[in-house]
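Residue numbers start from 1 in every chain, and the chains themselves are labelled A, B, ... in the order their sequence lines are given, proteins ahead of strands.
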Protein chains: 2
Amino acid sequence: MKSKPSKSGADERVAERSPRRPFDREAGVAVAKDLFHERGYDAVGVAELTRALGINPPSLYAAYGNKAGLYERCLEIYVAEANLPADKILTPDRPLSEAINDLLRQAVRLYTKSKAKRGCMVAEGMRADDPQARQLANAYGDAAADFIEGYIKRSQPHQARKLADYVVTTLQGLSAGARAGRSRARLLAVAELAGQAFETFLHTSDESKNA
Amino acid sequence: MKSKPSKSGADERVAERSPRRPFDREAGVAVAKDLFHERGYDAVGVAELTRALGINPPSLYAAYGNKAGLYERCLEIYVAEANLPADKILTPDRPLSEAINDLLRQAVRLYTKSKAKRGCMVAEGMRADDPQARQLANAYGDAAADFIEGYIKRSQPHQARKLADYVVTTLQGLSAGARAGRSRARLLAVAELAGQAFETFLHTSDESKNA
DNA sequence: GCAATGCTATAGTGATCACTACAAATCAAA
DNA sequence: TTTGATTTGTAGTGATCACTATAGCATTGC
């Protein structure tokens with residue numbers, strides 16, 4: 001009867017937190033995230049992960065379920081760490097083209113911040129051979145694309161999708177360029193071009209759409 | 001004495017052409033090319049290749065050296081088949097922006113021509129996990145980028161690299177979009193935007209650069 | 001016919017893949 | 001101290017990786 005939910009409330013809290021500390025799951029996710037970001041989902045094996053985390057395979061599976069589960073946690077904190085805080089950049093109070101321009105430039109800075117971890121972890125994950133990993137990354141990628149499209153739609157409802165596609169395509173190209181080793185300066189120049197192009201789209205669209 | 005170079009000259013020609021037909025190397029390359037294009041270098045194993053070619057592993061290695069060697073042949077004919085005849089599109093007799101616009105649109109058509117073989121085989125190969133395959137693809141990618149930059153430099157010597165980077169980045173984004181399953185119509189819209197953007201770059205650059 | 005040539009298929013190489021069965025070890029609660 | 005729960009390390013699962021040693025076999029020139 002009272003076997004499960006008996007005793008005091010404090011016990012339940014303690015019971016939830018594992019009687020014997022496993023190995024710091026959170027830190028493990030951070031380490032794995034760097035590995036996945038640096039070399040991609042497929043190229044990082046479980047053996048290398050366990051070596052990097054200082055644990056053995058059974059601990060990894062007990063903690064995260066499987067390799068894809070760990071990757072999911074990595075994606076989660078990668079996005080949550082606000083590496084590219086789209087919600088902070090795409091704010092309703094600033095001009096659309098200025099916000100997009102800022103987004104592109106900040107993306108380049110992020111993609112080229114680390115020499116090892118080049119490009120966008122989500123965008124690169126969408127190209128993984130493993131279908132499960134690809135699906136996980138796609139979820140975040142689609143969410144980001146929807147967010148951008150929704151933001152554009154506020155001021156440009158007629159061609160929001162086309163413009164959002166342009167932005168997303170540019171971001172994917174910038175991520176690929178970063179991964180290929182193109183320098184930050186050159187990518188920033190491209191981002192600036194794309195940003196100033198975006199501004200012209202709004203002008204020309206106003207003319208044609210109002211006609 | 002007369003054992004080796006005796007007899008008639010016709011024999012030498014026949015002797016060169018393998019006494020027993022191997023298995024049609026050329027056709028094998030074409031089949032392998034489709035597989036590599038469809039699923040990427042890493043995802044296609046030697047076992048699957050030999051199955052698709054109707055041969056056994058030793059024949060593959062005797063014919064192409066190794067998996068990377070076969071991939072190299074595939075890349076070669078992929079590019080040579082003029083899937084995207086840049087030299088036919090980027091001709092000196094047409095306006096720069098028109099040529100670039102055409103290049104982008106034709107690229108989209110190519111990237112979305114087959115439902116299975118999406119994107120650019122070279123651009124996608126540049127992301128392979130295998131360093132050898134990556135290097136092979138990079139060679140073709142760099143050559144294409146240089147060709148584009150050289151073409152732009154003819155009419156825009158000051159900012160050819162920046163503009164070429166923009167075009168290459170857009171192409172990579174389009175390839176990624178095609179691989180992600182984005183429709184031809186949407187990608188064509190993006191290509192058109194990028195093309196019309198490219199034209200504005202020339203105008204604005206003329207003003208600022210001449211000052 | 002007879003050896004030489006050259007491609008073929010059978011079978012298997014060690015390495016690595018993601019993943020797990022099992023039992024020792026450690027903790028909490030009784 | 002005993003019991004029960006849980007994580008740990010050891011060791012190994014079958015599968016697949018790229019690749020190859022060996023030998024059979026068909027065709028060639030003699």
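B/Glu199 pairs by the salt bridge (charged side-chain N to carboxylate O under 4.0 Å, His left out) definition with nothing, not counting sequence neighbours. With sequence neighbours left out, A/Arg186 forms a salt bridge (charged side-chain N to carboxylate O under 4.0 Å, His left out) with B/Asp165. Scanning for salt bridge (charged side-chain N to carboxylate O under 4.0 Å, His left out) contacts around B/Arg134 gives an empty result, with sequence neighbours left out.
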Result block: side-chain N/O donor-acceptor pairs under 3.5 angstrom for residues 99-108 of chain A, not counting sequence neighbours:
| from | atom 1 | to | atom 2 | distance (Å) |
| --- | --- | --- | --- | --- |
| A/Asp102 | OD2 | A/Arg94 | NH1 | 3.0 |
| A/Asp102 | OD2 | A/Arg94 | NH2 | 3.4 |
| A/Arg105 | NH1 | A/Glu192 | OE1 | 3.3 |

Compile the donor-acceptor pairs under 3.5 Å between side chains in residues 62-71 of chain A and protein atoms, sequence neighbours left out, one pair per line.
| from | atom 1 | to | atom 2 | distance (Å) |
| --- | --- | --- | --- | --- |
| A/Tyr64 | OH | A/Arg25 | O | 2.8 |
| A/Asn66 | OD1 | A/Ala68 | N | 3.3 |
| A/Asn66 | OD1 | A/Gly69 | N | 2.7 |
| A/Lys67 | NZ | A/Tyr41 | O | 3.1 |
| A/Lys67 | NZ | A/Val44 | O | 2.9 |

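Note: CG (B/Asp129) to C1' (D/dA18) measures 15 Å, nearest angstrom. Atom CD1 of B/Ile55 is separated from atom P of C/dC7 by 13 Å (rounded to the nearest Å). With rounding to whole Å, B/Asp42 atom CG is found 12 Å from D/dC17 atom C1'.
More than 12 non-hydrogen atoms from other residues, nucleotides or ligands lie less than 6.0 angstrom from CD of A/Glu98.
Taking every heavy atom of residues 43-54 of chain B and every atom of DNA chain C, no pair lies under 4.0 Å. Contacts of residues 56-68 of chain A with DNA chain C (heavy atom under 4.0 Å): A/Pro57, A/Pro58, A/Tyr61, A/Asn66, A/Lys67.
Residues in residues 107-116 of chain B take part in these side chain to side chain donor-acceptor pair (under 3.5 Å) pairs, two or more places apart or across chains: B/Thr112-B/Arg184. Residue pairs meeting the side chain to side chain donor-acceptor pair (under 3.5 Å) criterion with at least one partner in residues 42-59 of chain B, sequence neighbours excluded, are B/Arg39-B/Glu48.
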